[in-house]
There are 2 protein chains.
Amino acid sequence: MAKNVDIKRAKILEVAKRRFAHFGMAKTTMAEIAKDLSFSKALLYYYFPDKHSLYTAVMEYVVNEMIQKNEEFLEKSQDVEKALMFVLESRMDLMKENYNLFEYSSSFFMQNPGEVGKSLGPFFEKAKELFAKILKIGVDKGELQVDDIQETAELLLFAQMGMKAGILNQEMNDCFFPSPDDFDMILHKQKKMVSIFVRGLKA
Amino acid sequence: MAKNVDIKRAKILEVAKRRFAHFGMAKTTMAEIAKDLSFSKALLYYYFPDKHSLYTAVMEYVVNEMIQKNEEFLEKSQDVEKALMFVLESRMDLMKENYNLFEYSSSFFMQNPGEVGKSLGPFFEKAKELFAKILKIGVDKGELQVDDIQETAELLLFAQMGMKAGILNQEMNDCFFPSPDDFDMILHKQKKMVSIFVRGLKA
DNA sequence: TTTTGAACATTTAAAAGAATTAGTCAAGGT
DNA sequence: ACCTTGACTAATTCTTTTAAATGTTCAAAA
């Protein structure tokens, strides 16, 4: 029974998440995390092979939590537009709460494209698949008409990334550190975008 | 009569454009530009106050050329979707030919947000206005129904930025140096995007 | 199996110096 | 007065070096 190990891993994840979300990946040390848990640095390496794995595990933990909430929502409501809005909102909430967690991913992106493909790519895939799932609901209900669901889901995802990039660029305060207002603005644009997009797919 | 001055400025712009487009802003020196024109570096500063102004002037020169072509197209065809496609295509051509010219703008963006607002912001504005103009054609013809044209144009622009960002991220070769294939892929996605978007605005 | 302190290795940060390049100026040519 | 220039200065970028911080390993102990 590996139960004990799992509990400990969960504790580590919890603490690491707090630090990562607050100060970002770069500015939290393994020593700090260990100290928070009041045990030795070396022990961290007993449970996680390296810092990067720990980071990825935290990401996975956080993202899965959200995905699950989304899936649950999908069970209840079969309304395509509402479902998409819900996804947008929970994504945004997640980013607000754990901004520095993702900040690292974004900036790491631009520097180590090779590595990040394996650790960050999956999250994009998950987001894409979620969109695809929602679109499929619309198609099955005969509400929407789309030839290639996968590709359309990707389009939708990219368009929403664009909203973020667009706002961040034109605000251009400390670039890459969206203010709360920025988040609201991004969400607002994304919603409008989705609205038009879905309308454009109506059968 | 400032004719002579204008001719010289034009010559400088022409040469500077070639170098910037080839090697980018950072890796072309004022000395090189001067040498290409076979006159002294100091003379450049007689016609342009500094390097940044020269760069901006080149950008303006290049972008205006494209905008004008677009406006001409608009005179002929009043078809909204075709007009948008034309804009996308000419934008992409421009980027293919002068990639490093824009590359600098993008990367400068993320570092000196304050400065770039004045030198790069106007180009975004122009693009936005062009989209707005096209959308207005559709509205005037009664084809489209949009409440806020300015905002919708912005949405469209951002969405297209997203296509670029999205493709560049998932290709992740040497990040930020799109291959010719990438350009094609981006254009393809952008066209699909526009298609759906316009359909979503149909009256 | 789990935990640790101490040692090791790798990354980052800062400082100093050299080299490149942006930008200025007084003077000369037209 | 309008152009043009070479030589000068100032600012920036590029190396190199060094020191510090931090990630990672490991033998030994609980």
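Protein chains get the first letters and strands the later ones, always in sequence-line order, with residue 1 at the start of each.
- When rounded to the nearest whole Å, the span between CG of L43(B) and P of dT30(C) equals 15 Å.
- In this structure, the nucleotide among dT21(C), dG23(D), dT3(C) sitting nearest to the side chain of Y45(A) is dG23(D).
- No hydrogens or angles considered: nothing links the side chains of S90(B) and D93(B) as a donor-acceptor pair under 3.5 Å.
- Inter-axis angle, ends of the helix from dT1(C)-dA30(D) to dT30(C)-dA1(D), five pairs per end, rounded to 10 degrees: 30°.
- Ionic pairing of E125(A) and K128(A) is present here: one or more N-O contacts between side-chain nitrogen and carboxylate oxygen are shorter than 4.0 angstrom.
- Along DNA chain C, the nucleotide closest to S40(A) and the one closest to A26(B) are compared, and the more 5′ of them pairs with S40(A).
- Rounded to the nearest 0.5 angstrom, F20(A) CZ and I33(A) CD1 are separated by 4.5 Å.
- We find that CD of E32(B) is positioned 13 Å from P of dT20(C), with the value rounded to whole Å.
- Looking at heavy-atom distances under 4.0 Å, Y47(A) makes contact with sugar-phosphate atoms alone, never a base.
- D36(A) meets the salt bridge (charged side-chain N to carboxylate O under 4.0 Å, His left out) test with R19(A); sequence neighbours excluded.
- For K41(B) against dG23(C), a side-chain N or O and a base N or O form a donor-acceptor pair under 3.5 Å.
- Checked against dT22(D), dT4(C), dC3(D), the side chain of A42(A) finds its nearest nucleotide in dT4(C).
- The aromatic rings of F73(A) and F86(A) lie parallel to each other, with less than 30° between the two planes, well short of the 60° mark.
- For R199(A) and E81(A), the salt-bridge test fails: no basic side-chain N is under 4.0 Å from an acidic carboxylate O.
- Under 4.0 angstrom from either OP1 or OP2 of dT22(D) there lies no side-chain N or O belonging to K27(A).
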